[in-house]
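Counting from 1, the numbers follow the sequence of the chain as shown. Please read these numbers as outputs of a predicted model, since none were measured by experiment.
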Amino acid sequence: MEFWFTEDQSANLRIGCRILETIHSEVTPFQKLAVINTAQFGRMLVLDNVIMTTIKDEFVYHEMITHVALNTHAKPKKVLIIGGGDGGAVREVVKHAGVENVVLVEIDGRVIEVSKKYLPEISCALEYPKVRVIIDDGIKHVQDHKNTYDVIIIDSTDPIGPAVGLFSAEFYQAVFESLTEDGLFVAQTESPFYNNSLISRIQSDVSGIYPITRLYLANIPTYPGGLWSFTVGSKKYDPLKADTSKFPDLQTRYYSPSVHEACFVLPPFVKELVR
Ligand code: SPD
């Protein structure tokens with residue numbers, strides 16, 4: 001017998017992964033949550049039938065959503081991660097020795113507990129002394145913490161259900177107010193193939209609030225289209241002007257100083273989205 005997990009990656013496209021076993025499955029107060037073992041990507045975290053991360057390709061996403069922003073800021077000390085309950089972004093942030101405090105605000109505590117149990121390679125830094133985990137609404141958290149964080153990382157699910165507000169202009173304004181005077185944020189902003197109008201709208205919203213707005217790309221095999229976008233909104237530091245020769249020597253498998261430069265080179269069809 002063969003068992004397959006399928007995700008509708010667009011209205012007209014499905015990705016299928018052969019399942020070796022279902023490790024965990026539950027319905028939390030917020031969503032359906034599962035960890036499955038797949039033949040191609042190993043253990044996979046799935047929320048509401050959408051692939052969040054897998055043991056085999058998670059490094060691309062988690063390195064790219066963290067190091068670009070952290071290396072752009074001259075001295076990031078206080079870092080906030082919104083979402084990201086699997087802990088992958090936290091694991092990358094703590095590689096930066098200068099970071100003093102990492103606050104993770106995740107709305108669904110079950111994502112954290114299940115990731116700790118079944119995805120230890122990803123969640124391994126959640127218990128570090130400099131990491132504080134808060135189970136709360138990220139929107140409320142930024143509204144309640146003005147002028148607090150040097151870098152804010154928005155590691156959200158797709159813009160449906162509880163995450164819709166994390167893609168709004170009001171939220172980007174609240175993030176602006178939660179950042180220190182030279183702070184910057186980065187958010188995962190979906191697929192240039194399937195979410196092109198969303199990306200254009202975000203670019204327009206963010207550039208109406210932040211002096212510097214940049215889009216960059218990474219290749220993530222399990223996300224729709226494989227090509228994935230991230231948006232930076234910055235008050236002072238431009239990721240394109242960062243001195244890559246001074247970057248810390250990080251243990252990474254996808255991100256590097258050269259990739260930092262290269263990821264901002266956009267194919268013409270993506271450039272059109274950010275005009
Ligand atoms: N289409 C899935 C996009 C999910 C992005 N966030 C994943 C969270 C991993 N830490």
Side-chain angles (χ1 to χ4, degrees), residues 28-31 33 45 47-48 52-53 61-62 65-66 68-70 72-73 75-94 96 98-116 122-123 125-190 202 205-206 209-210 213 230-236:
T28 78
F30 296 94
Q31 54 208 340
L33 185 167
L45 175 67
L47 295 178
D48 283 340
M52 287 297 117
T53 199
Y61 177 86
H62 291 126
I65 202 171
T66 52
V68 173
L70 289 166
T72 295
H73 194 286
K75 223 173 178 196
K77 289 187 175 168
K78 286 200 81 173
V79 178
L80 169 66
I81 300 165
I82 296 176
D86 52 72
V90 170
R91 183 197 63 203
E92 294 305 312
V93 171
V94 298
H96 292 255
V99 171
E100 293 169 359
N101 300 102
V102 188
V103 176
L104 175 86
V105 180
E106 163 66 57
I107 200 162
D108 190 344
R110 289 300 298 153
V111 176
I112 295 171
E113 293 316 314
V114 167
S115 300
K116 277 186 183 167
I122 301 175
S123 59
L126 284 170
E127 308 269 352
Y128 280 23
K130 64 167 81 164
V131 178
R132 187 166 159 230
V133 175
I134 300 172
I135 310 300
D136 203 356
D137 178 0
I139 299 177
K140 183 170 154 285
H141 185 89
V142 292
Q143 285 167 348
D144 293 346
H145 292 79
K146 307 261 188 231
N147 192 26
T148 304
Y149 295 106
D150 301 312
V151 173
I152 296 180
I153 297 167
I154 304 158
D155 181 6
S156 73
T157 52
D158 294 328
I160 36 172
V164 171
L166 300 176
F167 292 80
S168 69
E170 295 72 28
F171 176 64
Y172 300 132
Q173 178 64 43
V175 167
F176 186 93
E177 288 162 26
S178 186
L179 288 166
T180 48
E181 60 178 3
D182 58 357
L184 62 115
F185 88 87
V186 59
Q188 75 85 3
T189 47
E190 305 279 308
I202 291 172
D205 287 348
V206 174
I209 300 167
Y210 293 78
T213 308
F230 300 85
T231 298
V232 172
S234 177
K235 294 188 179 182
K236 177 176 173 187

Rounded distance (nearest 0.5 Å) linking atom CG of L184 with atom NZ of K236:
11.5 Å
Ignoring hydrogens and geometry, is there a side-chain-to-backbone donor-acceptor pair from T72 to L70 under 3.5 Å?
no
Taking the side chain as every heavy atom from C-beta outward, state whether I112 and L104 have any atom pair closer than 4.5 Å.
yes
Answer whether the closest heavy-atom distance between the side chains of L45 and S115 falls below 4.5 Å.
yes
Nearest heavy-atom approach of V232 to V206 is O-CG1, 4.4 Å
Do H62 and T53 make a side-chain contact, defined as non-hydrogen atoms from C-beta onward lying under 4.5 Å apart?
yes
V175/Y210 under side chain to side chain contact (heavy atoms under 4.5 Å, CB included): CA gap, chis, key distance, verdict
CA-CA 10 Å; V175 167; Y210 293 78; 3.4 Å; yes
May I ask you to test the H96-T66 pair for a side-chain heavy-atom distance under 4.5 Å?
no
Donor-acceptor pair, side chain of D150 and main chain of K77, under 3.5 angstrom:
yes
Minimal non-hydrogen separation, T189 against F167, with atom names:
CA-CE2, 4.5 Å
Counting N and O atoms only, with roles assigned by atom type, does the side chain of Q188 sit under 3.5 Å from a partner on the main chain of T157, one being a donor and the other an acceptor?
yes
In the structure I gave you, are the side-chain heavy atoms of V68 and V186 within less than 4.5 Å of one another anywhere?
no
Looking only at atom types and distance, does a side-chain atom of D137 sit under 3.5 Å from a main-chain N or O of I139, one as donor and one as acceptor?
yes
Calculate, to the nearest 0.5 Å, the distance between atoms NZ and CZ belonging to K146 and F176 respectively.
12.0 Å
How long is the straight-line distance from CZ of R91 back to CD1 of I122, given to the nearest 0.5 Å?
6.5 Å
Any K116 side-chain heavy atom under 4.5 Å of E127 side chain:
yes
Can you tell me if K130 uses its side chain to pair, donor with acceptor, with the backbone of V99 under 3.5 Å?
yes
Rounded to the nearest 0.5 Å, how far does CD1 of I82 lie from CD1 of I134?
10.5 Å
Can you find a pair of side-chain heavy atoms, one from I107 and one from F30, that are under 4.5 Å apart?
yes
Does the ring centre of Y149 sit less than 6.0 Å away from the ring centre of F185?
no
Is there a donor in the side chain of T28 and an acceptor in the side chain of D108, or the other way round, less than 3.5 Å apart?
yes
Residues L179 and K235: closest non-hydrogen pair is O-NZ, 3.2 Å
Which atom of L166 lies closest to which atom of S156, heavy atoms considered:
CD1-CB, 3.7 Å
Are any of the side-chain heavy atoms of V142 and E177 separated by less than 4.5 Å?
no
What closest approach, in Å, do D155 and A89 show between heavy atoms, and which atom pair accounts for it?
OD2-CB, 4.0 Å
Would the distance check show the side chain of S123 and the main-chain N or O of G87 forming a donor-acceptor pair, the cut-off being under 3.5 Å?
no
Keeping Y128 on the side-chain end and V90 on the backbone end, is there a donor-acceptor pair under 3.5 Å?
no
Using 0.5 Å steps for rounding, measure from the CD atom of E92 to the CD1 atom of I153.
10.0 Å
Let me confirm one number: the OG1-OH distance from T231 to Y172, rounded to the nearest 0.5 Å.
6.5 Å
Smallest heavy-atom separation, L126 atom then G85 atom, equals CD1-O, 4.0 Å
Test side chain to side chain contact (heavy atoms under 4.5 Å, CB included) on H145 and V103; report intermediate values, then the result.
CA-CA 12 Å; H145 292 79; V103 176; over 6 Å; no
